[in-house]
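Report on the structure given below.
Order of listing sets the numbers, starting from 1, for every ligand and every atom in it.
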Amino acid sequence: HPLWQNSVYDPVLKPLKISYDPTTCLHIWNNGYSFLVEFDDSADRSIIVGGPLENQYRLKQFHFHWGAINEWGSEHTVDCKFYPAELHLVHWNAVAYPTFEEAVMEGDGLAVIGVFLKLGAHHEGLQTLVDALPAIKHKDTVIEFDVFDPSCLIPQCPDYWTYAGSLTTPPLTESVTWIIKKQPIEVDENQLEAFRMLLFTSDGEEEKRMVDNFRPLQPLMNRTVRSSFQ
Ligand SMILES: NS(=O)(=O)c1ccc(S(=O)(=O)NCc2cccs2)s1
Ligand SMILES: [Zn+2]
């Protein structure tokens, strides 16, 4: 969605509190649409609270969307500008719902933190993920990933936009409180190219490079985007 021009400062918005336990990390895999790192969400060990949220939400997985070239790739724009990639950290409301699958169907079920990636300096924390990508080149490949703290991918600056929206892939349910960080993280060209070496296709199939795995920009309609900053 287009952010910034259509946003209104909301002084009531609190700072988002993020506390992840790096040992809840389980594995990294290629699901044929993106690559995702999944977490053990059987207890409140990696959670976010505050910001626009009423409850605390548990970290389930994070994944990325990116373009074939650096001119596009993000699923949100700022001032009509696309970023080359966007990180989504998916959390679910385990206070209100017994399972993730049920939370996915509810208006206050999910909270997704969006972080823009921009071309710039090498990102040390991201490199740990990049080094694992050759092992999950094909769809439905997975490797164990024991310890990773996704906080290293989230900018220090507390400023964010928030709006009530939907999943950007099927089932596209309107169950997401989007929390998009204003400040991007910087990654270098080699790191973005490593994303583009992944494949949508399984081993043995005709190779299709995993690029442009983003949903096209959708109209904001009559929705209000609130900002935590002036
Ligand atoms: N791009 S995004 O952050 O809006 C997401 C799209 C899909 C997501 S999911 O992990 O919640 N899978 C959806 C489901 C899994 C099981 C039942 S529905 S998150
Ligand atoms: Zn996503």
Side-chain angles (χ1 to χ4, degrees), residues 1-3 16 18 20 24-42 46-48 51-53 55 57-67 72-78 82-94 96-117 126 129 133 136 139-140 142 145 150 153-154 160-181 184-185 187 192 195-196 198 200 210-221 223 225:
H1 286 299
L3 300 165
L16 187 63
I18 297 169
Y20 294 150
T24 54
C25 190
L26 292 173
H27 46 252
I28 181 170
W29 68 294
N30 176 334
N31 71 349
Y33 181 75
S34 180
F35 70 92
L36 45 167
V37 179
E38 292 197 307
F39 291 79
D40 169 7
D41 60 350
S42 58
S46 288
I47 57 153
I48 58 171
L53 305 171
N55 292 130
Y57 286 66
R58 270 185 207 167
L59 177 64
K60 169 83 177 162
Q61 55 102 326
F62 68 79
H63 63 274
F64 297 81
H65 303 264
W66 60 91
W72 59 72
S74 57
E75 297 202 312
H76 293 88
T77 54
V78 179
F82 287 94
Y83 283 91
E86 186 172 325
L87 159 64
H88 290 160
L89 297 124
V90 182
H91 309 75
W92 62 285
N93 185 344
Y97 306 108
T99 65
F100 169 76
E101 283 71 17
E102 280 176 81
V104 167
M105 310 313 284
E106 303 291 338
D108 61 349
L110 301 180
V112 181
I113 298 177
V115 180
F116 294 118
L117 276 63
L126 187 77
L129 297 177
L133 297 185
I136 57 164
K139 179 180 178 194
D140 293 331
V142 56
F145 217 57
L153 301 173
I154 302 173
Y160 62 84
W161 292 280
T162 183
Y163 71 96
S166 71
L167 293 174
T168 67
T169 68
L172 295 166
T173 41
E174 299 201 1
S175 55
V176 181
T177 299
W178 282 97
I179 301 168
I180 311 290
K181 301 288 281 185
I185 57 170
V187 300
L192 283 172
F195 285 20
R196 301 177 181 130
L198 291 169
F200 283 125
M210 186 180 277
V211 293
D212 298 332
N213 58 353
F214 54 84
R215 188 188 191 194
L217 210 54
Q218 302 295 307
L220 196 54
M221 310 306 278
R223 275 182 282 195
V225 176

May I ask you to identify the nearest protein heavy atom to [atom], giving residue, atom name and distance to one decimal place in Å?
atom	value
atom 17 (C) of ligand 1	Glu101 CG, 4.3 Å
atom 13 (C) of ligand 1	Pro171 CD, 4.0 Å
atom 4 (O) of ligand 1	Thr168 N, 2.9 Å
atom 5 (C) of ligand 1	Leu167 CD2, 3.7 Å

- With sequence neighbours left out, write down each residue that passes side chain to side chain contact (heavy atoms under 4.5 Å, CB included) with Glu174, or none if nothing qualifies.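 By the side chain to side chain contact (heavy atoms under 4.5 Å, CB included) rule, Glu174 matches Ser166.
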Say whether, by atom type as modelled, one donor and one acceptor occur between the side chain of [X] and the main chain of [Y] under 3.5 angstrom.
X	Y	result
Ser175	Gly109	no
Gln218	Pro216	yes
Glu75	Glu86	no
His91	Ala111	yes
Asn213	Trp66	yes
Asp41	Arg58	no

- Sub-4.0 Å heavy-atom contact, Arg215 with ligand 1: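 No, Arg215 has no heavy atom closer than 4.0 Å to ligand 1.
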- Of all the heavy atoms in Val90, does at least one lie under 4.0 Å from an atom in ligand 1?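 Within the 4.0 Å threshold, so yes.
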- Task: Identify the heavy atoms of Leu198 and Ile136 that sit nearest to each other, and give their distance.
- Result: CD2-O, 3.5 Å
- Item | Closest contact, heavy atoms only, Gly67 versus Asp212 |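 Heavy atoms only, the tightest pair is CA-OD1, 3.2 Å.
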Taking 4.0 angstrom as the limit and counting only heavy atoms of [X], give me the atoms of ligand 1 inside it, by number and element.
X	answer
His65	1 (N)
Trp178	3 (O), 4 (O)
Val104	18 (S)
Thr169	6 (C), 7 (C)

- Around the Zn ion (ligand 2), what protein N, O or S atoms are found below 2.8 Å?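 Listed by chain and number, the atoms are His63 NE2, His65 NE2, His88 ND1.
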- If you measure every N/O of Gln61 against every N/O of ligand 1, is any gap under 3.5 Å? yes
- Should Val112 and Thr168 count as side-chain neighbours, where that means a heavy-atom distance under 4.5 Å?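 No - every pair of side-chain heavy atoms lies 4.5 Å or more apart.
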- Message: Could you check whether any side-chain heavy atom of His65 comes within less than 4.5 Å of a side-chain heavy atom of Phe195, counting everything from C-beta outward?
- Response: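 A side-chain contact under 4.5 Å is absent here.
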- With His88 as partner, the option from Phe64, Phe116, Trp178 fulfilling ring pair (Phe, Tyr, Trp, His ring centres under 6.0 Å) is Trp178
- Query: Nearest non-hydrogen atom to atom 16 (C) of ligand 1 belongs to which of Trp92, Phe100, Phe64, Tyr33?
  - Reply: Phe100
